[in-house]
Amino acid sequence: MKALQILTICLVTTLTGTNLRGENGYRLWLRYAPVTDPQHKEYVSGILEHVVISGANPTAEVIAEEIRKAGLGMLGSPAVCSGDFSDRASLLIGTPKDCAPLATEIMKKQLEGLGGEGFYIGHVSHRGTEYLAVAANEPVGALYGTFHLLRVLQEGSVLADLPVKEVPRIRYRLLNHWDNLDRTVERGYAGFSIWDWHKLPVYIDPRYVDYARANASIGINGTVITNVNANAYVLSSQYIEKVAALAGAFRPYGLKVYLTARFSAPVELDGLPTADPLVPEVRKWWADKANEIYTAIPDFGGFLVKANSEGQPGPQNYDRTHADGANMLAEAVAPHGGIVMWRAFVYSADIDVDRHKQAYDEFVPYDGEFRDNVFVQVKNGAIDFQPREPFHPMFGAMPETALAPEFQITQEYLGQGTHLVYLAPLFKECLDADTYRPGKGATVARIIDGSLYGRDRSAMAGVANIGTDINWTGHPFGQSNWYSYGRLAWDHQLSSEQIAEEWIRLTFGADPSLVETISEIMLSSREAAVNYMTPLGLHHIMAEGHHYGPGPWVSRGRPDWTSVYYHRADSAGIGFDRTASGSDALGQYAPEIEKAYSDPETCPDEYLLWFHHLPWDYTMKSGNTLWEELCLRYDRGVKMVSRMMDRWITVENRVDRERYGQTLMLLKIQEEEARWWRNACLLYFQQFSQMPFPEEMEQPEGDLQEYMKGRSPYPPSGRRRR
Ligand code: BDP
């Protein structure tokens, strides 16, 4: 590099206080960037000057390692850590069992009700001196507390309103990887699977540890490492040994391993004549398999199962119910403290019932029949991770069953690897939705966290967007979705704004105007995507198979995998009538919702075409006709992306070049693809509406036939394979 260039970079860096050199994103939100503000630097040094981390256990060791990293990054020198109490301590981290100053009655009182994972950050007094402490009942709580403290410091903030006490609202906070044993990732857009099966169990990729650290830092405590379209082979002895090695790497971080269980595994692996869950030999096979797994992995989490769905085997193959299947597996893992997550994502092309209704029909009659260690895992909406769906009607309809919501962090239907779409608003929309069951205020969040029923078991699942790409998630902003999922699983009361701001400060820097600009981009991004893909309640109109790009014309093959099944556009109008005069899916919701949504006048615009088939000239609340409104919303989506790009351009020189440039290029693709969605969808629907495009919008260009041919025979990855 020429001297002049170096000088310029140094100058700009000094002037803006930002490190403008490239950052590849590997460090995620754990960057521990140098603290430049002298006052904050003094504050951080004061806290990290001499940290006492008590306890001789692997979690205490990783806490010390994290504290050293943080000191090195933020202050330029690793913080001094010791295991033994010293009166020079600036911070104490530990449990009452291991750290004498924390073993007081007052502290024990403070820790009451915090369980194993909760933590306390505040002052303790010992022999007349006050110390700052991160205290917990168990080492993992101390680890979560440490990450909390380091987050505050990294954000450029100070600890205010001490003491801080936190307890996770959800007990099982899980990632679901749709990773195949050949290292492809179903619906993955960030490279290959990070599990290097070939080299396991001997070779422990340092990424495994960074992965566990990242998860622990946001409170994720379990990971299902294999695809729901499961391969029985992962349950073979050879693979159990590999899984045990991963579990060993994750253990100090409080991250447990789970596996997907292929229902036909007893037949496939050991030649049993049947996998019927009521046959004693089959039950014994699973009990033995569970024993084998727990011998290798004593803290194994349990099984996740996709059964009788999209061709997967299940109990119905033997005329048994979901409850029979789930309970058999639950019985096998129960003696070891394991759980079973049984997915409710079931629908069949052979049943002539709106796909929206099928999961409810199949599961609700079995409410109360699932064992105590079973969770029924329900997607946020009744169709399939669409840009916007009303909450799934099963929430609230099974009070005797522990339900766990499943969110999709990977952006299968939201622009895959190229679109910036911040998903916290989507997750929140479901969690905050009022089911009105049994009455007003029964939100999905209160149902699934157990508080509504006084149940102490709760779980949440998020389909991971992680792969071998250097920045883990492909799109630099994909990281924010992993982050927000974890934060919401810990505390679903956090707002999308709060989480975005946290993430931006940690990821790009704490300059308030930078935070404001990037947060505006993030907070508008989900609504932008809904607008340019599926406004007004449209859904499932993406391209066939790979799901990349628009495909409202898809009409071949299995009807419930086509687009025409869902949008039902014809010369009379557009939308799916799910009122009592149509499929009556609305009848599965509480009467309050059914009543409000059954009338197009009172149904929120967001869900209008989800529940109604309406004429093209129907008058909307805005006064526009339905056709005009549809066109304007599609166009608004494109404009919102242009605005996101304009805003992003203003952060040049305020964030590092590498991530600035990557994001800008991706926003260009997103803008172009938003136009593609708008043009293709509107030209297609215009065939039915026969109405002109409103003048005030950018006129859709191109030829429908060309759009219908698709872009390339080689769409992005994310293909299905076991
Ligand atoms: C759909 C995906 C498919 C998954 C399925 C599932 O397209 O790849 O296998 O969900 O959740 O959205 O099982």
Side-chain angles (χ1 to χ4, degrees), residues 174-182 184-190 193 224-231 258-263 303-314 316 322 325-326 341-349 355-356 358-359 362-363 375-389 392 394 403-417 421 423 426 430 460-467 481 485 533-534 539-551 554 557-558 560-563 565-566 715-722:
L174 309 182
L175 278 184
N176 288 184
H177 284 261
W178 286 357
D179 292 18
N180 299 314
L181 298 187
D182 65 1
T184 55
V185 180
E186 180 156 336
R187 313 307 181 185
Y189 311 102
S193 167
V224 185
I225 57 178
T226 46
N227 192 354
V228 285
N229 293 316
N231 187 328
Y258 295 68
L259 290 174
T260 46
R262 185 160 161 87
F263 204 76
F303 293 126
L304 168 66
V305 189
K306 171 173 178 177
N308 295 119
S309 161
E310 300 186 330
Q312 295 299 306
Q316 292 174 344
H322 287 292
M341 316 281 296
W342 191 269
R343 297 180 87 223
F345 180 64
V346 296
Y347 63 100
S348 157
R355 172 170 161 190
H356 193 298
Q358 294 188 23
E362 264 189 55
F363 276 85
F375 287 90
V376 172
Q377 185 165 309
V378 186
K379 286 190 181 182
N380 58 293
I383 300 295
D384 198 355
F385 297 139
Q386 292 301 293
R388 169 165 280 131
E389 298 199 25
H392 202 301
M394 280 175 69
L403 301 182
E406 176 179 317
F407 296 106
Q408 196 179 40
I409 309 170
T410 189
Q411 291 171 234
E412 175 179 2
Y413 301 100
L414 281 137
Q416 304 193 351
V421 184
L423 295 177
L426 186 160
C430 169
M460 199 188 274
V463 181
N465 59 350
I466 297 159
N481 293 329
Y485 167 73
M533 289 178 174
T534 53
H539 51 287
H540 206 295
I541 57 170
M542 66 285 164
E544 204 177 345
H546 51 74
H547 299 167
Y548 172 66
V554 173
R558 221 182 123 157
D560 53 357
W561 283 354
T562 66
S563 302
Y565 174 96
Y566 296 96
S717 63
R719 280 194 305 143
R720 304 185 55 157
R721 213 185 307 158
R722 276 197 287 120

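Every heavy atom of this structure was used, including side-chain atoms; hydrogens, water molecules and symmetry mates were not. Each ligand, and each atom within it, is numbered from 1 in the order the structure gives. Just so you know, residue 1 is the first one in the sequence shown, and it goes up from there.
- Side-chain atoms of Tyr347 and Glu362, non-hydrogen and from C-beta on, never get closer than 4.5 Å to each other.
- The side chain of Asn229, and not its backbone, has at least one atom closer than 4.0 Å to an atom of ligand 1 (non-hydrogen atoms only; side chain from C-beta on).
- Ring geometry, His322 versus Trp342: the interplanar angle exceeds 60°, so the pair is classed perpendicular (tilted spans 30 to 60°).
- Between the side chain of Thr410 and the backbone N or O of Gly188, no donor-acceptor pair lies under 3.5 Å.
- Using a 4.0 Å cut-off to heavy atoms of Glu310, the atoms of ligand 1 that qualify are 4 (C), 5 (C), 9 (O), 13 (O).
- Proximity annotation for atom 4 (C) of ligand 1: of Glu186, Arg343, Met542, Glu186 comes nearest, heavy atoms only.
- For ligand 1 and Phe345, the ligand atoms under 4.0 Å from any heavy atom of the residue are 5 (C), 6 (C), 10 (O), 11 (O), 13 (O).
- Remark: Tyr485 engages no residue in a ring pair (Phe, Tyr, Trp, His ring centres under 6.0 Å) (not counting sequence neighbours).
- Of all the atoms in ligand 1, the ones that sit under 4.0 Å from a non-hydrogen atom of Tyr413 are 1 (C), 7 (O), 12 (O).
- If you look at Gln408 next to ligand 1, there are no close heavy atoms at all, none under 4.0 Å.
- Asp179 contributes no side-chain N or O that, together with a main-chain N or O of Ser193, makes up a donor-acceptor pair within less than 3.5 Å.
- Applying the 4.0 Å criterion to heavy atoms of His547 picks out, from ligand 1, the atoms 7 (O).
- Each of the following atoms of ligand 1 lies closer than 4.0 Å to a heavy atom of Asp384: 1 (C), 10 (O), 12 (O).
- Donor-acceptor pairing under 3.5 Å is lacking for the side chains of Tyr565 and Arg558.
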